Amino acid sequence: MSIVLNFKSYLAELFARALREVAPEQVGAIVLIERPKQAAHGDYACNLAMQLAKPLRKSPRDIAQALIAALPESDVIEKVEIAGAGFINVFITKTAKQAIVHTVLHAGAGYGHLHLGAGCKVQVEFVSANPTGPLHVGHGRGAAVGDCLCNVLHAAGWEVTREFYYNDAGAQIENLMRSVQLRCQGVTPDDPRWPEGGYRGDYIAEVANAYMAQETVESDDQHVVGKGDIFDTEAIRHFAVAYLRREQDLDLRAFNVEFDVFALESALYSSGKVEEAVQGLIASGHTYEQDGALWLRTTDFGDDKDRVMRKADGGYTYFVPDVAYHLDKWRRGFVRVINEQGADHHSTITRVRAGLQALDAGIPQGWPDYVLHQMVTVLKNGEEVKISKRAGSYVTLRDLIDEVGCDATRYFLAARHPDSQLVFDIDLAKSKCNDNPVYYIQYAHARISTVLELWGGEHLSLLQANVGLLDSEYETALLQQLIDYPQIIELAAEDLAPHLVAFYLKDLAAAFHSYYNASRFLVEDEAIKCARLALITAAAQVMRNGLALLGVSAPDKM
RNA sequence: GUCCUCGUAGUUAAAUGGAUAUAACCGCCCCCUCCUAAGGGGCAAUUACAGGUUCGAUUCCUGUCGAGGACACCA
C-alpha cells in the first residue's frame, strides 16, 4: 500500500506523467486537481482534458480517454470516470483513505508540513506600530493575521523571519516627547497649554511618572534608565520610546506573538542607507529638482503623480527611508517579502515599489507582496466601543485580551478574510456556547482527550489498529477531513490567507462532533475500539496542528 | 473628484475560473437511563444591478449603485 501524504499533489504527478505521454508539446499546461463538491463526482477531479481541447483541437472526452489510458498504475485509485463536459473524476480506494490514520499518527506534529517553500527565506513584516502608545485593535488584527501567516508559511516549508519596523525619531516621536515632558511638569491634556497633536491618553502620565522615578526599562530591543531631568528632551524621548516599546512587547507576548528582528528607522539614517538609496535614485536618472525640492518620477512606474523625496527644508519624506528599508531587505537575501499592514497604508505600495524599480537593483516588479487588512470595529452589548480609558482614543489590544482571552481574540481577528471589514463582537467572543467557533473547536479536542483518558490505554498501541474497520459514513467523513488538511495549508500559504485554517478547523470539529454523537468509541469489541480510538487520536493531532498555526490552545479539559 | 478593498440566505460569513453556491446564528421540529447537550439530526432561505470574456463566472473585465478606506514638501 502506497503511503500518500498529500493526495492532491500525488494525483497531480500522475496526471502530469500521463500528459507527457499523451501530449508532450503541452507539458506546460497546469495540472489542476480539485475536490468536487459532490461525492458522486469522485474524491478528486481533473479538468486537464477541457483545458487541452482547444490547443489539441480534439473533443475533451477523447482527450480524457487518452489521459486515463496513460495514467500510471496506482493502488490508491479505485476507479476513474469521465463526466460532464470532460471532467476526469478519480475515486480513491477505501484502504488508501483509511491509511491516513496511520500517516497522521506517524507524522504527528509534522503532519501538514510541506515543501512548497523549499526552505527559501521569506520575511514577513507586520504590526510595525510606532512607539507612541499601546497597540490598538487594528494592530491586533495585524498581529493575528501576520503571525498566523508566518506559521502557515513555516508549515508550507519556508524559512520565516518575523520583523517589526518602527519609527523612533521624527514628528510623532517629537509629539510624544513633548506630551511626556508636559506630564512631568504636571500639565494635563485639558490644560490650554496642551499642544494640538499631543498624546492625551493616561498612559502618558505613566511614562512621565516612571521617568521621574528613574525607573529602568527593558524591552525586546531597548534598555534605558529614566533620568528624571525635565529639560533633557533627548533623555525623555529615548525613555518614552523604550517604555512604550516595552508596553507593546508585553501586549504582544500576552498575544503569543514574538518577533525575530526589530528594525529602527533611525538606524537607516545613521548607517547611511537612506543617503545611499537617495544617491542610487539620483544616479538612476529618475529624479529632478523643482520648487527647491527633490522629486522622484514615480509616474515612470505607474504612480499617478510624482513624489517629493527631499523637502524644501532639506528633510526626507517618509517614503525615502521606506525605500531604503526595502532595499535593505532585498540585500539581506529575502527573495520574498510580505508586508502585512492596515489598508490605510495602501497608498505607500505604489511608491515603495516604484522607488525600488527606479533603483534598478534587480528587484522584480511587484516586489514586495502586501497583505492589507481592513478596519476592525468593536461591538459590545450591541453597541460600538470606541474609547479605551487608558489609551484615550481607541480600543487597545490589551482590552480585548483581558476581556475575552488570548485564544478567542486571536481566533476572531484571524478568522476572516483580511480584505473584508471585521466586526469584533465581544459578547460573542466571550460566550461559552455553540455559536462561538473557538469553543466549538476546542471542545472537540477536549472531548477526544476525555475519551482517551477514560480508555487509559497506551497510545502507541493504536499504531497497530486495524483501520480497515472504519467504514461508517461518519468515519469516512472524518477520514476525508484528515486527508484534506495538507491541501488547506497549501491553499492558505499560496493565497496568503490564514483564515482558511480557521474555517477548516470548524469543519473538522463538526465532522468529529457528528461522529461523537452517532457512535460510541469505548465499545466491547477490542478491534473496533482500537480502530475508532486511532481515528479520533489522529483527529485530535490534526486539531492541535491546525490550532497551533492559529496560535490558539488545544485544551484537554474544558 | 481620483485611486484601493468589499457587496453572497433575515443576520454574520466561506467558496484555488468548474458540475446541484457552503456553514453558523435566528425561526420551526426532533435527540441526553449515553465517552462533557459548550453536542447532534431535520425544515426553510442567498451570489447588489447591467453588460462582456469563457466550453463553464460568486470568482476575470467594463459600467451603475451601495459600504469602508486612501488621496500633504505628515508618518
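Quick note on labels: first sequence line is chain A, next is B, and so on, each numbered from 1. Owing to the predicted nature of the structure, the values given are computational and were not obtained by experimental measurement. Reckoned from all heavy atoms, side chains included, excluding hydrogens, waters and symmetry mates.
Looking at residues two or more places apart in sequence or on another chain, you find no side-chain hydrogen bond (donor to acceptor under 3.5 Å, both in side chains) involving S514(A). By the side-chain hydrogen bond (donor to acceptor under 3.5 Å, both in side chains) test, R336(A) pairs with D369(A), sequence neighbours left out. Annotation: salt bridge (charged side-chain N to carboxylate O under 4.0 Å, His left out) contacts of E81(A) (sequence neighbours excluded): K79(A). Listed by chain and residue number, L281(A), I282(A), L294(A), L296(A), M309(A) satisfy the side chain to side chain contact (heavy atoms under 4.5 Å, CB included) test with T287(A) (two or more places apart in sequence, or in another chain). Among residues two or more places apart in sequence or in another chain, the side-chain hydrogen bond (donor to acceptor under 3.5 Å, both in side chains) test is passed with Y439(A) by none. Partners of R520(A) according to the side-chain hydrogen bond (donor to acceptor under 3.5 Å, both in side chains) rule, which considers only residues two or more places apart in sequence or in another chain, do not exist here. Judged as a salt bridge (charged side-chain N to carboxylate O under 4.0 Å, His left out), and not counting sequence neighbours, the contacts of E13(A) are R20(A). Taking the ring-ring contact (aromatic ring centres under 6.0 Å, His included) definition, one finds that H513(A) meets it with Y440(A), Y443(A), sequence neighbours left out.
For the C1' atom pair drawn from rC49(B) and rC55(B), the interatomic distance equals 26 Å after rounding to whole Å. rG17(B) and rU47(B): their C1' atoms are spaced 15 Å apart (whole Å). Nucleotides rA45(B) and rC28(B) place their C1' atoms 13 Å apart, quoted to the nearest Å. Distance noted for atom P between rA50(B) and rG18(B): 23 Å (whole Å). Comparing the P positions of rC25(B) and rC43(B) gives a spacing of 15 Å, expressed to the nearest Å.
Of the residues in residues 173-180 of chain A, none lies under 4.0 Å from RNA chain B by heavy-atom distance. Proximity of residues 39-52 of chain A to RNA chain B (heavy atom under 4.0 angstrom from any strand atom) is restricted to H41(A), A45(A), N47(A), M50(A).
Note on ring orientation: taking the six-membered ring where Trp is involved, the planes of Y516(A) and F512(A) are tilted (angle from 30° to 60°). The aromatic rings of Y474(A) and Y515(A) lie parallel to each other, their planes meeting at an angle below 30°, with 60° marking the opposite boundary.
Nucleotide rA9(B): unpaired (no Watson-Crick or G-U wobble partner with both distances less than 3.5 Å). For rC35(B), there is no paired base (Watson-Crick or G-U wobble, both distances below 3.5 Å). Searching all strands for a Watson-Crick or G-U wobble partner of rU2(B) with both distances below 3.5 Å returns rA70(B). Checking rA19(B) for Watson-Crick or G-U wobble geometry (two distances, each under 3.5 Å) identifies no partner in any strand. With a cut-off of 3.5 Å on both pairing distances, rU59(B) has no Watson-Crick or G-U wobble partner at all. Under the Watson-Crick and G-U wobble criteria, each requiring two contacts below 3.5 Å, nucleotide rC28(B) is paired to rG42(B).
Residue contacts shown for D291(A) include a base, since a base heavy atom lies under 4.0 Å away. Contacts of S449(A) with the nucleic acid, taken as non-hydrogen atoms under 4.0 Å apart, are absent. When heavy atoms are screened at a 4.0 angstrom cut-off, L522(A) is found touching base atoms of the nucleic acid. Nucleic acid contact class of Y516(A) (heavy atoms, under 4.0 Å, all strands): base. Looking at heavy-atom distances under 4.0 Å, K557(A) makes contact with a base.
Not one side-chain nitrogen or oxygen of Y504(A) sits closer than 4.0 Å to the OP1 or OP2 atom of rA23(B). A close approach under 4.0 Å does not occur between any side-chain nitrogen or oxygen of K506(A) and OP1 or OP2 of rU22(B).
Per the stacking criterion (ring centres < 5.5 Å, plane angle < 30°), F87(A) stacks onto the base of rA19(B). Here F521(A) packs flat against the base of rC35(B); its ring centre is closer than 5.5 angstrom to the base's six-membered ring, tilted by less than 30 degrees.
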Where do N or O atoms of nucleotides 14-16 of chain B meet protein N or O atoms at under 3.5 Å, pair by pair?
unit_1	atom_1	unit_2	atom_2	d
rA14(B)	OP1	H417(A)	N	3.0
rA15(B)	OP1	H499(A)	NE2	3.1
rU16(B)	O4	E34(A)	OE1	3.2

Heteroatom pairs (N/O) under 3.5 angstrom, protein to nucleotides 65-72 of chain B:
unit_1	atom_1	unit_2	atom_2	d
rA70(B)	O2'	S347(A)	OG	3.3

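Y166(A) carries R245(A) over the face of its six-membered ring, with the cationic atom under 6.0 Å from the centre and within 45° of the normal.
Ion pairing of K329(A) with E163(A) is absent here, as no side-chain N (NZ or NE/NH1/NH2) approaches a carboxylate O to less than 4.0 Å. Between R351(A) and D322(A) no salt bridge is recorded (no basic side-chain N to carboxylate O distance below 4.0 Å).
In rC6(B) the base sits anti relative to the sugar, since the glycosidic angle is further than 90° from 0.
Among Y318(A), Y269(A), F319(A), Y165(A), the single residue meeting the ring-ring contact (aromatic ring centres under 6.0 Å, His included) criterion with Y325(A) is Y165(A).
Toward the 5′ end of RNA chain B lies the nearest nucleotide of K54(A), the other residue of the pair N130(A) and K54(A) mapping further downstream. Residue order along RNA chain B, read from the 5' end via each residue's closest nucleotide, puts G84(A) first among G84(A) and S514(A).
At a cut-off of 3.5 angstrom, counting only N and O atoms as typed in the model, there is no donor on one side facing an acceptor on the other between the side-chain of Y439(A) and the base of rA38(B).
Side-chain atoms of S461(A) and E458(A) include no donor-acceptor pair closer than 3.5 Å. Between Q374(A) and D419(A), the side chains place no donor N or O within less than 3.5 Å of an acceptor N or O (distance only, hydrogens not considered).
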